S.K.: 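Sending over a structure as C-alpha cells; questions will come in a sec.
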Amino acid sequence: MLDALTVAISVTALALAAWCGYAAYRDQPTKDWHFIGMAVVTLLALAQLVVGVVRLAGGDDAGQGTTIFVAYLIGAFATVPAAGVLSLGERTRWGSATVSAGAVVLAVLEVRLYDIWGG
C-alpha cells in the first residue's frame with residue numbers, strides 16, 4: 001500500500017470529522033460544502049481501493065490475508081458515503097454528527113488497513 005495515501009485519507013477524514021462535528025455542535029445539518037468534503041474523502045478512498053486491488057493483482061501479498069484486506073478496503077470506501085446517505089435522512093444536527101462519526105471510523109479503518117498490509 002502507499003503510506004502517503006493512507007496518511008492523506010486519515011488526515012482528510014479527521015478534518016471532515018472535526019468540520020462536521022463543529023456543525024453538529026452549532027446545531028446545523030450537513031450542507032452542500034460538507035458533501036463536497038465527503039466527496040474528496042471518498043475519492044481518496046476509491047484511489048486506495050484501486051491501488052490495493054492493483055497491488056494484489058500484481059503479486060503483492062497482504063501480511064494478514066488477502067480476503068480480510070479486501071474486505072477492509074471495501075468497508076473503508078463505503079463508510080463515508082453511507083454516513084452521507086444517512087445524514088440526508090436526518091436533516092438535523094444529528095446528520096452532521098453521523099458524518100463526523102463515519103469519518104472517525106474511516107480513520108480507524110485506515111490504521112487497521114496499514115496493519116493488515118504489514119506495516
Side-chain angles (χ1 to χ4, degrees):
M1 286 298 298
L2 298 175
D3 293 343
L5 185 57
T6 301
V7 170
I9 294 169
S10 296
V11 168
T12 56
L14 290 175
L16 179 65
W19 186 23
C20 290
Y22 182 68
Y25 171 75
R26 294 187 55 203
D27 202 21
Q28 296 176 343
T30 50
K31 299 189 177 172
D32 291 343
W33 291 107
H34 296 119
F35 286 100
I36 292 171
M38 285 184 256
V40 169
V41 172
T42 301
L43 286 175
L44 287 172
L46 176 63
Q48 184 181 42
L49 176 67
V50 170
V51 167
V53 170
V54 168
R55 296 271 314 258
L56 288 173
D60 288 341
D61 186 36
Q64 295 183 17
T66 302
T67 304
I68 194 165
F69 180 72
V70 171
Y72 269 89
L73 274 177
I74 293 169
F77 170 69
T79 300
V80 171
V85 168
L86 288 173
S87 76
L88 285 174
E90 183 63 44
R91 299 301 294 165
T92 64
R93 69 185 292 170
W94 297 109
S96 295
T98 301
V99 173
S100 182
V104 170
V105 167
L106 175 59
V108 172
L109 288 173
E110 290 300 314
V111 172
R112 184 68 181 122
L113 274 169
Y114 179 78
D115 288 340
I116 292 170
W117 185 257

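Everything numeric in this text was worked out from a predicted model, so none of it was measured.
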S.K.: Check for a donor-acceptor pair, side chain of Arg91 on one end and backbone N or O of Thr30 on the other, with a separation under 3.5 Å.
M.R.: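 Judged by distance alone, yes, a pair lies under 3.5 Å.
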S.K.: Determine whether Val104 and Trp19 fall in the same hydrophobic cluster, where Ile, Leu, Val, Met, Phe, Trp and Tyr are linked whenever their side-chain heavy atoms lie under 4.5 Å apart.
M.R.: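 Result: no, two separate clusters.
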S.K.: Distance from Tyr25 atom OH to Tyr22 atom OH, nearest 0.5 Å?
M.R.: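 So the OH of Tyr25 and the OH of Tyr22 are separated by 7.5 Å.
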S.K.: With rounding to the nearest 0.5 Å, note down the distance linking CG in Leu113 to CG in Leu109.
M.R.: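 Taking CG in Leu113 and CG in Leu109, the distance rounds to 6.5 Å.
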S.K.: Mind listing the closest non-hydrogen atom pair of Gly84 and Phe35 along with its distance?
M.R.: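 Answer, listing the atom of Gly84 first, then Phe35: O-CE2, 3.8 Å.
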S.K.: Can you tell me if Ser96 and Arg26 form a side-chain donor-acceptor pair at under 3.5 Å?
M.R.: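 There is no such pair (donor and acceptor under 3.5 Å, judged by atom type) between the side chains of Ser96 and Arg26.
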S.K.: Can you find a pair of side-chain heavy atoms, one from Glu90 and one from Thr98, that are under 4.5 Å apart?
M.R.: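 They are not in contact (no side-chain heavy atoms under 4.5 Å apart), so the answer is no.
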S.K.: When rounded to the nearest 0.5 angstrom, what is the spacing between OG1 in Thr42 and CG in Leu106?
M.R.: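 Answer for the OG1-CG pair, Thr42 versus Leu106, is 8.0 Å.
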S.K.: Got a sec, which pairs hit salt bridge (Lys or Arg N to Asp or Glu O under 4.0 Å) with one end in residues 64-75, sequence neighbours left out?
M.R.: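 Residue pairs passing salt bridge (Lys or Arg N to Asp or Glu O under 4.0 Å), neighbours aside: none found.
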S.K.: Between Ser100 (side chain only) and Ala97 (backbone N and O only), is there a donor and an acceptor less than 3.5 Å apart?
M.R.: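 A pair under 3.5 Å: no.
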S.K.: Check residues 7-16 and write down every donor-acceptor pair under 3.5 Å in which the side-chain atom is one partner and the other belongs to a residue at least two apart or another chain.
M.R.:
residue: Ser10; atom: OG; partner: Thr6; partner atom: O; Å: 3.0
residue: Thr12; atom: OG1; partner: Ala8; partner atom: O; Å: 2.9
residue: Thr12; atom: OG1; partner: Ile9; partner atom: O; Å: 3.1

S.K.: Could you list the donor-acceptor pairs under 3.5 angstrom formed by side chains in residues 59-83, with sequence neighbours left out?
M.R.:
residue: Asp60; atom: OD2; partner: Arg55; partner atom: NE; Å: 2.4
residue: Asp60; atom: OD2; partner: Arg55; partner atom: NH2; Å: 3.0
residue: Gln64; atom: OE1; partner: Arg112; partner atom: NH1; Å: 3.3
residue: Gln64; atom: OE1; partner: Arg112; partner atom: NH2; Å: 3.2
residue: Gln64; atom: NE2; partner: Asp115; partner atom: O; Å: 3.4
residue: Thr79; atom: OG1; partner: Gly75; partner atom: O; Å: 2.6

S.K.: About how many Å separate CE of Met38 and CH2 of Trp33, when rounded to the nearest 0.5 Å?
M.R.: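 Those atoms lie 13.5 Å apart.
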S.K.: Assess whether atom CH2 of Trp94 is packed by more than 12 heavy atoms of other residues, nucleotides or ligands within 6.0 Å.
M.R.: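 No, not enclosed.
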S.K.: Quick check on the hydrophobic clustering: are Val105 and Val85 connected, directly or via other members, by side-chain heavy-atom contacts under 4.5 Å?
M.R.: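 Different clusters: Val105 never reaches Val85 through Ile, Leu, Val, Met, Phe, Trp or Tyr contacts under 4.5 Å.
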S.K.: Within a 6.0 Å radius of atom CG on Asp32, are there more than 12 heavy atoms belonging to other residues, nucleotides or ligands?
M.R.: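 Not buried by this count: 12 neighbours or fewer within 6.0 Å.
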S.K.: Are the side chains of Gln28 and Thr92 in contact, using a 4.5 Å heavy-atom criterion?
M.R.: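 They are not in side-chain contact.
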S.K.: Check whether Arg93 reaches the backbone of Asp27 with its side chain - one donor and one acceptor, N or O, closer than 3.5 Å.
M.R.: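 Here the side-chain-to-backbone pair does not exist.
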